[in-house]
Amino acid sequence: MQAETEPLKRGPELAPQWPRRPSSVLAGSREGLAAVTAALTGAVGSALAVARWPSGPMRAGTPADVLAAARTALGMEGIPTEGMGAEAALARIGKVLVEYGLHLSHPHAVAHLQPPPLAVAVAADALASASNASLDTYDSGPSAIAVERWLIGGLIELAGLGAQADGVLTPGGSMSNLMGLLLARDAAALRRGIDARRQGVSALPGPVVLCSELAHFSIQRACAALGLGEDAVRLVPTDARRRMRPDALAAILRELPPEHTPLAIVATAGTTDFGSIDPLPQIAAIAAEHGVWLHVDAAYGFGALFSERLAGKLHGLSLADSVTLDLHKLGWQPAATSVLLVSNASNFSALEREVAYLNPVDDADAGYEGLLGRSLQTTRRPDAVKVAATLLAHGRRGLGDMVDTCHDLAKHAEQRINAEPELELVAPAELTTVVFRYRCSEEPEREDEINGAMRRRLMETGTALIGRTSVRTEGPGSPERVCLKFTLLNPTTTPEDLDALVDAVLAAGRACTPRLQKGAA
Ligand SMILES: *Cc1c(COP(=O)(O)O)cnc(C)c1O
């Protein structure tokens with residue numbers, strides 16, 4: 001009763017005294033949003049126009065030089081007592097980012113699964129930041145909840161998961177994998193009558209997680225974090241196309257001592273280096289036969305579903321119990337934009353929490369419900385907003401065309417590498433990566449060292465940013481050799497740009513071969 005009468009009395013008295021400060025410093029207001037757009041088009045825009053953009057994907061120099069110069073460009077040691085004002089500060093920060101940062105849209109930035117983000121996504125992300133909505137409760141962001149639910153519904157359909165499916169956004173593929181394994185662990189424990197959330201996992205006998213030897217290292221980290229221990233991970237050998245061997249998986253499961261608990265099989269749909277996709281239908285059949293949870297790590301490969309041409313590669317994904325997908329890879333979103341999908345929403349019960357100040361039961365019963373119970377986070381950024389804007393703007397076909405173009409570019413790079421006697425193609429283009437190696441007949445014993453030095457040289461000269469990895473080039477059991485990698489995620493790159501990149505790689509190879517240098521001198 002009091003609550004109803006008090007504001008009525010006090011409201012009119014308080015209203016005139018409401019402090020009238022410059023509301024444009026707070027982005028949430030109408031004036032604030034206008035100030036954000038004005039800052040970007042005004043002072044920051046002009047500063048970026050006159051900034052010295054590097055000619056390559058990043059500024060030339062050693063890491064020590066670049067880091068020191070970027071810090072100096074901030075123009076202050078430590079936190080200033082008095083501020084310089086928003087426009088000056090943004091202009092200064094913008095200049096630092098442009099002059100000393102990374103330019104992912106440069107065609108020679110091909111190091112990681114880190115795309116140049118779409119402009120529409122970045123603009124929507126700024127709006128999402130301005131709203132500062134959170135996903136945990138209804139009253140911390142109703143529109144953000146609606147947008148995330150819309151996106152999850154669309155992704156479930158794309159993945160071919162059924163009507164019981166559900167999902168949640170997470171801050172990265174590593175986190176999605178951790179959560180997928182958490183749900184798998186708790187489901188397996190529950191089948192043995194153990195409440196893993198309360199009792200921990202010490203009561204769970206011999207937990208085992210099976211994945212291929214090329215699975216992402218976040219699987220090991222997740223097992224460590226979940227108290228299963230990294231030794232719980234059993235690595236299944238791969239075939240010549242770098243896919244998990246179902247026969248080897250079946251053999252390991254068959255030979256597992258009865259006191260062991262297989263918690264999950266993790267299939268990778270798009271290995272980070274090679275884009276290779278484990279045979280999902282066969283693995284799903286084995287998982288079903290043994291009653292083991294199937295988690296598919298499609299952090300990289302999921303984007304292939306946008307493409308009509310490549311979607312078939314993910315056949316069998318719909319059989320997964322949980323799926324990791326990263327839209328900050330083949331989805332052109334600014335990080336972080338990852339998703340965990342589950343085939344059955346009830347599996348999220350492992351994450352449910354009732355918190356008096358967030359989701360009391362009577363609120364939830366009345367429909368005032370957020371997404372706290374689907375996440376390990378409490379406050380959670382509305383990362384679905386930028387994806388929704390992207391999908392509305394470009395549609396599935398728009399993204400699919402971008403995926404196809406990057407796949408074509410990878411095929412072009414593959415052909416060009418094959419045609420160069422000094423380069424050896426190590427793995428063909430499955431999705432959008434190509435792995436190769438610089439061969440050096442002058443000093444074959446130093447090839448590993450030379451390949452590593454080439455990549456650093458390309459960075460230090462600001463010429464190109466290429467990837468690197470280690471591969472058993474002569475097949476299973478052979479020694480790991482240092483290899484180079486192109487990760488092609490820029491659909492505005494042309495085949496000519498790639499030819500120039502290969503030329504730069506060859507020049508770096510020659511420059512890094514000491515004996516060739518001596519010969520030249
Ligand atoms: C990138 C990647 C991850 C990790 O994702 P983050 O978003 O970097 O945490 C996991 N699995 C695979 C196959 C990946 O390529």
Side-chain angles (χ1 to χ4, degrees), residues 102 104 110-115 117 121 155 159 167-182 184 209-226 230 233 235-236 238 241-244 264-280 283 294-305 313-314 317 320 322-341 375-377 380-381 383-384 386-387 403 406 410 427 429-435 467-471 485-489:
L102 186 61
L104 290 169
V110 295
H112 300 289
L113 284 167
Q114 184 187 17
L155 294 174
V168 68
L169 267 76
T170 85
S174 304
M175 186 57 72
S176 297
N177 283 340
L178 173 77
M179 286 177 59
L181 289 176
L182 170 74
V209 169
L210 301 112
C211 62
S212 100
E213 55 189 340
L214 296 174
H216 194 262
F217 64 88
S218 56
I219 302 303
Q220 273 89 347
R221 292 183 107 182
C223 287
L226 292 170
E230 293 199 13
V233 179
L235 297 180
V236 183
T238 49
R241 288 181 56 193
R242 300 186 163 82
R243 302 168 306 179
M244 184 193 285
I265 297 168
V266 178
T268 309
T271 54
T272 312
D273 283 336
F274 311 107
S276 51
I277 296 164
D278 290 343
L280 302 178
I283 295 173
L294 174 61
H295 176 74
V296 178
D297 179 358
Y300 174 20
F302 188 88
L305 289 177
K313 283 179 182 276
L314 272 86
L317 182 71
S322 53
V323 176
T324 286
L325 65 109
D326 274 4
L327 294 167
H328 58 230
K329 291 177 179 168
L330 273 183
W332 291 275
Q333 299 301 302
T337 323
S338 183
V339 181
L340 176 75
L341 299 177
S375 181
L376 285 170
Q377 297 169 263
R380 187 154 67 79
R381 262 181 67 76
D383 285 315
K386 59 200 172 193
V387 192
V403 172
C406 292
E430 195 67 49
L431 292 174
T432 66
T433 59
V434 192
V435 181
R468 160 188 180 160
T469 189
S470 288
V471 184
K485 176 172 72 166
F486 293 161
T487 305
L488 299 161
L489 292 178

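The analysis underlying the following values was restricted to heavy atoms, covering all of them including side chains, and did not include hydrogens, waters or symmetry mates. Start at 1 with the first residue, then count along the sequence. Just follow the structure's listing: the first ligand is 1, and inside any ligand the first atom is 1.
- Side-chain polar atoms of T487 and H112 form no donor-acceptor pair below 3.5 angstrom.
- A donor and an acceptor atom, one from each side chain of T337 and D383, are nowhere located under 3.5 Å apart.
- Contact annotation: for T324 versus ligand 1, there are no heavy atoms closer than 4.0 Å.
- At a 4.0 Å heavy-atom cut-off, ligand 1 touches S174 through backbone and side chain alike.
- Per-residue contacts place L113 under 4.0 angstrom from the following atoms of ligand 1 (heavy atoms of the residue considered): 15 (O).
- For the residue pair H295 and T324, a side-chain donor N or O sits within less than 3.5 Å of a side-chain acceptor on the partner.
- With ligand atoms numbered from 1 in the order given, ligand 1 contributes 4 (C), 5 (O), 6 (P), 7 (O), 9 (O) to contacts under 4.0 Å with heavy atoms of G173.
- Donor-acceptor pairing under 3.5 Å is lacking for the side chains of T238 and S212.
- In this structure, G270 has a heavy atom closer than 4.0 Å to ligand 1.
- Looking only at atom types and distance, the side chain of Y300 has a donor-acceptor partner in the side chain of T432 under 3.5 Å away.
- Taking every non-hydrogen atom of D326 and a distance limit under 4.0 Å, the qualifying atoms of ligand 1 come out as 5 (O), 6 (P), 7 (O).
- Side chain of D297 to main chain of A299: a donor-acceptor pair is present (N/O by atom type, distance under 3.5 Å, no hydrogens or angles).
- Residue T272 approaches ligand 1 through these ligand atoms, each under 4.0 Å from one of its heavy atoms: 12 (C), 13 (C), 14 (C), 15 (O).
- Within the 4.5 Å cutoff, the side chain of H216 has no heavy atoms near those of the T268 side chain.
- The protein atom (non-hydrogen) at minimum distance from atom 12 (C) of ligand 1 is D297 OD2, 3.4 Å.
- Contacts between T271 and ligand 1, counted as non-hydrogen atom pairs separated by less than 4.0 Å, are absent for every part of the residue.
- Looking only at heavy atoms of the protein, atom 14 (C) of ligand 1 is closest to K329 NZ, 2.9 Å.
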Checking L113 against H328 for the side chain to side chain contact (heavy atoms under 4.5 Å, CB included) test, could you report, in this order, the C-alpha distance in whole Å, the side-chain angles of both residues, the deciding distance, and whether it holds? CA-CA 8 Å; L113 284 167; H328 58 230; over 6 Å; no
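- In this structure, M175 does not count as a contact residue of ligand 1, since none of its heavy atoms falls inside 4.0 Å of the ligand.
- When each atom of ligand 1 is checked for a heavy atom of H216 under 4.0 Å away, the hits are 2 (C), 3 (C), 4 (C), 10 (C), 11 (N), 12 (C), 14 (C).
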